[in-house]
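For reference, the structure discussed in these notes is given below.
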Amino acid sequence: MNYWLIKSEPDTYSWDDFVKEGKSMWDGVRNHTARLNMMAMKEGDLALFYHSNEGKEIVGLAKVVKEHYPDPTADDPRWVVVNFVPVEKFPKPVTLKQIKADKRFEDMALVRLSRLSVGPVKPMEFDFIMQLAHD
DNA sequence: GCCAACGTTGGC
DNA sequence: GCCAACGTTGGC
C-alpha cells in the first residue's frame, strides 16, 4: 500500500465537487513526474486531497479504484488518468502552514516540490497528517 | 501582483 | 547537446 497527495484548485474542482460526483477521473495531468506517480498507483492506495491556491490545505482522503489508463482528454495517448473515490472529509483540514511549521514534514514532496501536482507521501508522513486531521 | 521554481521551446 | 528566453504553477 502506498500513499499519495493529489492537488486540485477548488475553483476548478473542489472536494465538494468530488463528493457530488462520487467518483473522479483524474485527468489533465501534463507533467512527467506526476505521470510517473500516477502510473505507480495501485488499486486501494490512498491519496490526500489538497486544495491549492485557495485554501491551501489537505481537506480529505481519496482511494484509487482504477489504475492508470490513457487520458481521453489528451492528444498524446501516453498521458494517463487514475480513478478515485472519496473516503472521508477531514474533521480538521491540515493547512500548508501547519505542514511547513512542522519538522516531521520538512522532506515532504508537497514542501520540497511545491509545483508537483501528484506526489508521493511517506507512511510516516501519512500517519502524522491523519493525526492532525482528526485531533 | 510579484516572484521562485521548474518545464518547454528554439537558436546555435 | 547546451542554454537563454519564455510560459506556467503556486505560494506569499
Side-chain angles (χ1 to χ4, degrees):
Chain A
M1 154 91 74
N2 285 306
Y3 302 101
W4 310 94
L5 182 141
I6 54 177
K7 288 188 190 175
S8 187
E9 292 187 31
D11 284 350
T12 309
Y13 191 82
S14 69
W15 172 265
D16 287 343
D17 295 331
F18 180 33
V19 169
K20 215 172 293 169
E21 271 194 335
K23 177 182 171 182
S24 176
M25 179 181 76
W26 210 255
D27 62 10
V29 172
R30 299 290 182 271
N31 171 282
H32 294 288
T33 308
R35 183 176 66 115
L36 287 176
N37 290 326
M38 299 234 289
M39 292 183 74
M41 289 183 188
K42 298 292 180 197
E43 194 174 325
D45 280 0
L46 296 171
L48 301 168
F49 191 109
Y50 176 80
H51 276 169
S52 63
N53 248 318
E54 295 293 320
K56 284 172 287 186
E57 56 189 9
I58 299 169
V59 292
L61 186 65
K63 184 172 73 170
V64 177
V65 289
K66 183 167 176 168
E67 292 173 20
H68 67 93
Y69 58 99
D71 185 342
T73 71
D75 294 335
D76 188 328
R78 286 174 297 181
W79 295 116
V80 299
V81 296
V82 166
N83 288 3
F84 293 106
V85 293
V87 173
E88 138 181 72
K89 179 174 184 167
F90 289 153
K92 295 184 78 179
V94 182
T95 65
L96 182 62
K97 203 173 171 185
Q98 276 178 278
I99 290 167
K100 286 201 159 173
D102 195 324
K103 271 208 153 146
R104 295 177 297 183
F105 299 121
E106 66 185 358
D107 286 330
M108 196 172 176
L110 177 67
V111 175
R112 306 202 71 147
L113 302 167
S114 66
R115 289 185 51 202
L116 186 62
S117 58
V118 179
V121 176
K122 298 191 192 89
M124 289 286 276
E125 292 166 348
F126 183 83
D127 288 344
F128 295 146
I129 294 284
M130 290 301 272
Q131 285 171 27
L132 292 173
H134 292 91
D135 75 7

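First the proteins, then the strands, lettered A, B, ... as listed; each starts at 1.
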* To do: Taking atom CD of A:Glu54 as the centre, report whether more than 12 heavy atoms of other residues, nucleotides or ligands fall under 6.0 Å from it.
  => no
* Protein-nucleotide distance (A:His51, atom NE2; C:dG11, atom C1'), rounded to Å -> 17 Å
* **Interatomic distance, A:Glu9 CD vs C:dT9 C1' [rounded to whole Å]** => 8 Å
* Just how far is it from atom NE2 of A:His134 to atom CG of A:Leu132, taken to the nearest 0.5 Å? -> 10.5 Å
* Could you state the interatomic distance from CG (A:Asn37) to CD1 (A:Ile6), rounded to the nearest 0.5 Å? -> 12.0 Å
* Could you state the CZ-P distance from A:Arg112 to C:dG10, rounded to the nearest angstrom? -> 19 Å
* Asked: Which is true for A:Leu96 with a 4.0 Å heavy-atom rule: it touches a base, it touches only sugar-phosphate, or it touches nothing?
  -> sugar-phosphate
* Asked: Taking atom CH2 of A:Trp26 and atom CH2 of A:Trp4, what is their separation to the nearest 0.5 Å?
  -> 14.5 Å
* Asked: With sugar-phosphate meaning primed atoms plus P, OP1 and OP2, does A:Lys100 contact a base, only sugar-phosphate, or nothing at under 4.0 Å between heavy atoms?
  -> sugar-phosphate
* Are A:Met25 and A:Phe84 grouped together when hydrophobic residues (ILVMFWY) are joined by side-chain heavy atoms under 4.5 angstrom apart? -> no
* Asked: Are any of A:Lys7's side-chain N or O atoms less than 4.0 Å away from OP1 or OP2 of C:dT9?
  -> no
* To do: Could you tell me whether the side chains of A:Thr33 and A:Arg115 share a donor-acceptor contact shorter than 3.5 Å?
  => no
* Which of residues 25-41 of chain A sit near DNA chain C, with a heavy atom under 4.0 Å from it? -> none
* Could you give the OH-to-P distance, from A:Tyr50 to C:dG10, as a whole number of Å? -> 9 Å
* Rounded interatomic separation in angstrom, taking CD1 from A:Ile99 and P from C:dG10 -> 15 Å
* **Nearest heavy-atom neighbours spanning A:Val82 and A:Met38** => CG2-O, 3.6 Å
Dump every N/O contact between nucleotides 1-8 of chain C and the protein below 3.5 Å, one line per pair.
| from | atom 1 | to | atom 2 | distance (Å) |
| --- | --- | --- | --- | --- |
| C:dT8 | O2 | A:Arg115 | NH2 | 3.2 |

* Asked: Which distance, rounded to the nearest 0.5 Å, do you find between the OH of A:Tyr69 and the CE of A:Met39?
  -> 14.0 Å
* Over all atoms of both residues, closest heavy-atom pair of A:Thr12 and A:Asp17 -> O-OD2, 4.2 Å
